[in-house]
Amino acid sequence: DGGITQSPKYLFRKEGQNVTLSCEQNLNHDAMYWYRQDPGQGLRLIYYSQIVNDFQKGDIAEGYSVSREKKESFPLTVTSAQKNPTAFYLCASSTILHGTAAHSYNEQFFGPGTRLTVL
Amino acid sequence: AQKITQTQPGMFVQEKEAVTLDCTYDTSDQSYGLFWYKQPSSGEMIFLIYQGSYDEQNATEGRYSLNFQKARKSANLVISASQLGDSAMYFCAMRPRGQAGTALIFGKGTTLSVSS
């Protein structure tokens with residue numbers, strides 16, 4: 001079955017540690033995204049990538065890093081520089097359409113999420 | 001600035017009743033897409049419905065319909081015949097510039113509670 005997997009489901013981090021959240025998709029999507037969700041809040045964009053070996057910062061990129069070495073994978077590292085990392089992290093992917101098709105429906109598919117807690 | 005506003009933190013409805021969840025958006029783009037997602041307590045994001053800014057008709061998907069009023073910049077979600085399983089958080093989101101492969105901008109969400 002095609003879809004997006006995220007691991008682990010729950011992650012605990014000690015102060016000063018870097019941790020990496022995994023995101024894999026087998027939908028053959030070009031674009032991948034990382035969002036952060038705080039309790040009772042909407043999703044905020046951390047990073048996104050439209051092609052292998054290229055990615056762009058979102059609204060809250062400070063304290064995070066990403067890589068896109070393979071089309072299927074877009075891991076997110078939460079560094080010790082992120083002062084308040086406790087949150088729910090969602091990975092998503094989508095196709096990229098061009099020209100007039102770019103205005104068409106184009107759903108973002110989401111993974112099940114990783115809940116990160118700082119101890 | 002591009003923005004999505006959902007003014008209802010929580011909504012309560014009884015089974016079989018219809019409910020409208022409000023969403024207004026702010027953009028200067030002529031081409032954009034509007035999405036509604038459902039997030040149950042498990043955390044997964046479930047796509048419900050999409051409306052493109054050039055679509056002349058309101059989108060419908062089963063019990064979900066989108067009341068799209070472009071001049072007022074509103075895209076309200078209407079759920080008909082509510083079910084207990086509809087209890088969840090609902091997010092309105094916008095894809096700016098009409099470009100697929102662009103990240104979504106989300107509102108803060110509305111928590112819907114359906115009672116029997």
Side-chain angles (χ1 to χ4, degrees), chain A residues 3-6 9-10 29-51 54-61 66 71 74 87-116, chain B residues 1-10 21 23 25 29-57 59-61 66 88-111:
Chain A
I4 302 177
T5 56
Q6 290 186 243
K9 187 172 181 179
Y10 300 96
H29 286 167
D30 289 305
M32 296 187 73
Y33 316 82
W34 274 105
Y35 295 93
R36 168 180 171 145
Q37 185 180 19
D38 293 285
Q41 299 294 314
L43 280 65
R44 293 182 292 167
L45 181 68
I46 305 172
Y47 269 98
Y48 72 101
S49 168
Q50 295 184 330
I51 194 170
D54 188 47
F55 43 82
Q56 286 76 43
K57 292 182 179 180
D59 301 320
I60 54 167
V66 293
K71 185 176 182 178
F74 191 40
F88 188 53
Y89 292 86
L90 284 156
C91 179
S93 71
S94 73
T95 56
I96 297 178
L97 306 174
H98 301 281
T100 55
H103 304 296
S104 302
Y105 154 81
N106 179 252
E107 177 187 347
Q108 281 193 12
F109 292 81
F110 284 83
T114 292
R115 199 165 296 277
L116 173 63
Chain B
Q2 319 260 13
K3 188 179 179 181
I4 293 284
T5 302
Q6 294 180 255
T7 58
Q8 306 154 313
L21 306 183
C23 172
Y25 57 92
D29 295 334
Q30 295 301 309
S31 177
Y32 49 88
L34 296 160
F35 297 77
W36 276 92
Y37 281 86
K38 171 184 177 182
Q39 187 180 45
S41 57
S42 59
E44 61 186 309
M45 295 288 283
I46 301 168
F47 166 75
L48 296 178
I49 197 166
Y50 169 83
Q51 180 85 43
S53 59
Y54 292 122
D55 295 339
E56 295 186 351
Q57 295 205 338
T60 59
E61 288 287 348
L66 203 152
M89 196 146 184
Y90 289 80
F91 290 99
C92 180
M94 176 173 64
R95 184 185 70 221
R97 299 187 301 281
Q99 294 173 354
T102 304
L104 300 181
I105 299 168
F106 284 84
K108 292 190 175 183
T110 295
T111 300

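A note on names: the letters A, B, ... follow the listed sequences, proteins ahead of strands, and every chain is numbered from 1. All of these numbers come straight from a predicted model, not from anything done at the bench.
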Identify the heavy atoms of A:Gln37 and B:Phe91 that sit nearest to each other, and give their distance. NE2-CZ, 3.3 Å
Looking only at heavy atoms, the pair that brings A:Leu90 and B:Gly43 closest together is CD2-O, 4.1 Å
Does NZ belonging to A:Lys71 count more than 12 external heavy atoms closer than 6.0 Å? yes
Heavy-atom count check: over 12 atoms from other residues, nucleotides or ligands less than 6.0 Å from A:Ile51 CD1? no
Side-chain contact test, heavy atoms from C-beta onward, threshold under 4.5 Å: evaluate it for B:Gln39 versus A:Phe110 and give yes or no. no
Answer yes or no: is there a side-chain heavy-atom contact under 4.5 Å between A:Tyr35 and B:Leu104? yes
Is A:Leu43 close to chain B through its backbone or its side chain, or both, or neither, when contacts mean heavy atoms under 4.5 Å? both
Out of curiosity, A:Ile4 CD1 to B:Glu44 CD, how far, rounded to the nearest 0.5 Å? 12.5 Å
Measuring from atom CD of A:Glu107 to atom CZ of B:Phe35, what distance do you get when rounded to the nearest 0.5 angstrom? 8.0 Å
